[in-house]
2 protein chains.
Amino acid sequence: MDSIKIARVLSDPIRYKILMMLVSSESSCCSPASHMDTDNPTGLCNCELMSELDMIQSRVSYHMKELVESGLVNEEPRGKWKYYYANQRKVLDYIEQLKKDMKLE
Amino acid sequence: MDSIKIARVLSDPIRYKILMMLVSSESSCCSPASHMDTDNPTGLCNCELMSELDMIQSRVSYHMKELVESGLVNEEPRGKWKYYYANQRKVLDYIEQLKKDMKLE
DNA sequence: TGAATACATCAAAAAAATTTGATATGATTA
DNA sequence: TAATCATATCAAATTTTTTTGATGTATTCA
């Protein structure tokens, strides 16, 4: 059941916060805007998350892996860096599944 | 953040299954229908969950406690038994919070 | 009342998830 | 090419969650 996996990923406070940061992010660190994918102008890289969250690198990396593997976040390598952005569609899909399972609406 | 707590509860496969069972339950075990709360004709008791899920009593009890404490399930003691029913409004609230946090719609 | 039934709670064990520090990989830049 | 920077991965330690078996409490029923 996919919604269980999504719920697990969403149940960690740090990941939830990261997801909200990604949803809200309009600018990027570490590189000029020209490095960004034109279709996805938003995004954050690990280094920004590290300083923003005051967490060591491997810890950020671990949580980003969880987020990406769940599909809630997409990643986009740009040279040395890796940018992340929220996959809002995945959240919508999760919500739809939840509604269906819980016989809502 | 409340949605994190809800997500944690929803991230366990057993609890998710129980919640779906409660949502779908129209009849009850262990007692005549007259024992049921008239406002909430659905519901299941521990004993039915035990046999349905093939789990020992303390395990069912643990998960029901988690579900009740999260607000996803309401309980209703009826004499010797305890009936549970899904609180669909709580799921809806969770979904609304999620939508808000993820800037959806 | 006393036996039986249903559920709660507890502590210990087991399992799963997270954190950390060290090291590895891979791209960039001097 | 060598040094540097950003990120990935790993194993061990820690923390959190779940499971189990034992025991406690409350209600029902004979």
Side-chain angles (χ1 to χ4, degrees), chain A residues 1 4-19 21-22 28-32 34-37 43-70 72-85, chain B residues 1 4-19 21-22 28-32 34-37 43-70 72-85:
Chain A
M1 183 133 339
I4 291 167
K5 288 179 188 163
I6 298 293
R8 196 190 65 81
V9 174
L10 291 175
S11 72
D12 184 276
I14 290 161
R15 288 192 294 259
Y16 200 90
K17 186 173 181 184
I18 290 172
L19 206 47
M21 286 169 67
L22 294 179
S28 69
C29 73
C30 309
S31 78
S34 61
H35 279 190
M36 300 303 299
D37 180 273
L44 292 173
C45 61
N46 279 296
C47 56
E48 181 151 47
L49 292 167
M50 277 176 64
S51 61
E52 199 79 28
L53 298 162
D54 191 30
M55 282 170 38
I56 62 174
Q57 185 265 324
S58 59
R59 193 175 172 195
V60 173
S61 212
Y62 167 73
H63 285 296
M64 294 323 291
K65 194 178 180 189
E66 291 280 320
L67 283 164
V68 169
E69 280 177 354
S70 74
L72 287 166
V73 164
N74 290 359
E75 62 187 358
E76 189 177 300
R78 287 263 156 184
K80 196 152 59 159
W81 301 288
K82 202 163 217 172
Y83 286 86
Y84 300 100
Y85 48 94
Chain B
M1 183 130 339
I4 291 168
K5 289 179 187 161
I6 299 293
R8 196 190 67 81
V9 174
L10 291 175
S11 72
D12 184 276
I14 290 162
R15 287 192 294 259
Y16 200 91
K17 187 173 180 183
I18 290 173
L19 206 48
M21 285 169 68
L22 294 179
S28 69
C29 73
C30 309
S31 79
S34 61
H35 279 190
M36 300 303 300
D37 181 274
L44 293 172
C45 61
N46 280 297
C47 55
E48 181 151 45
L49 291 167
M50 277 175 64
S51 61
E52 198 79 29
L53 299 162
D54 192 31
M55 281 168 41
I56 63 174
Q57 185 264 325
S58 58
R59 194 176 171 192
V60 173
S61 212
Y62 166 74
H63 285 296
M64 294 322 292
K65 194 179 181 191
E66 291 279 322
L67 283 163
V68 169
E69 281 179 352
S70 74
L72 287 166
V73 164
N74 289 358
E75 62 185 359
E76 190 175 298
R78 288 264 154 187
K80 192 152 59 157
W81 300 289
K82 201 164 220 171
Y83 286 85
Y84 300 99
Y85 48 95

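All values below were derived from every heavy atom in this structure, side-chain atoms included, with hydrogens, water molecules and symmetry-related copies excluded. Each chain gets a letter, A, B and so on, in the order the sequences are listed, and its residues count up from 1.
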Side-chain heavy-atom pair [X], [Y] within 4.5 angstrom cut-off:
X: B/Glu69; Y: B/Lys5; answer: no
X: A/Leu10; Y: B/Leu10; answer: no
X: B/Tyr85; Y: B/Asn74; answer: yes

Distance, rounded to the nearest Å, where [X] contributes [atom1] and [N] contributes [atom2]:
X: B/Met50; N: C/dC7; atom1: CE; atom2: C1'; answer: 10 Å
X: B/Leu49; N: C/dA6; atom1: CG; atom2: P; answer: 13 Å
X: A/Lys65; N: C/dT18; atom1: NZ; atom2: C1'; answer: 14 Å
X: A/Leu10; N: C/dA17; atom1: CG; atom2: P; answer: 15 Å
X: A/Ile4; N: C/dA16; atom1: CD1; atom2: P; answer: 15 Å
X: A/Met64; N: D/dA6; atom1: CE; atom2: C1'; answer: 14 Å
X: A/Glu69; N: D/dA8; atom1: CD; atom2: P; answer: 11 Å
X: B/Tyr83; N: C/dA6; atom1: OH; atom2: P; answer: 10 Å

Less than 3.5 Å apart, which donor and acceptor atoms pair up between the side chains of residues 54-62 of chain B and the rest of the protein, not counting sequence neighbours?
none

Apply side-chain contact (heavy atoms from CB on, under 4.5 Å) to A/Lys17 and list each qualifying residue two or more places apart in sequence or on a separate chain.
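Scan of A/Lys17 (side-chain contact (heavy atoms from CB on, under 4.5 Å), adjacent residues dropped) gives A/Met21, A/Leu53.
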Strictly below 4.0 Å: does A/Asn46 bring a side-chain N or O up to OP1 or OP2 of D/dA8?
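For D/dA8, OP1 or OP2 has a side-chain N or O of A/Asn46 closer than 4.0 Å.
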Output yes when at least one side-chain N/O atom of A/Ser61 is less than 4.0 Å from OP1 or OP2 of D/dT7, else no.
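The answer is no; no side-chain N or O of A/Ser61 sits under 4.0 Å from OP1 or OP2.
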Could you write nucleotides 14-26 of chain D as a row of B, S and -, 5' to 3', where a protein heavy atom under 4.0 Å of any base atom gives B, of only sugar-phosphate atoms gives S, and otherwise -?
---SBBBBB----
A/Arg8 and A/Arg15: CA distance, side-chain angles, deciding distance, side chain to side chain contact (heavy atoms under 4.5 Å, CB included) verdict
CA-CA 10 Å; A/Arg8 196 190 65 81; A/Arg15 288 192 294 259; 4.1 Å; yes
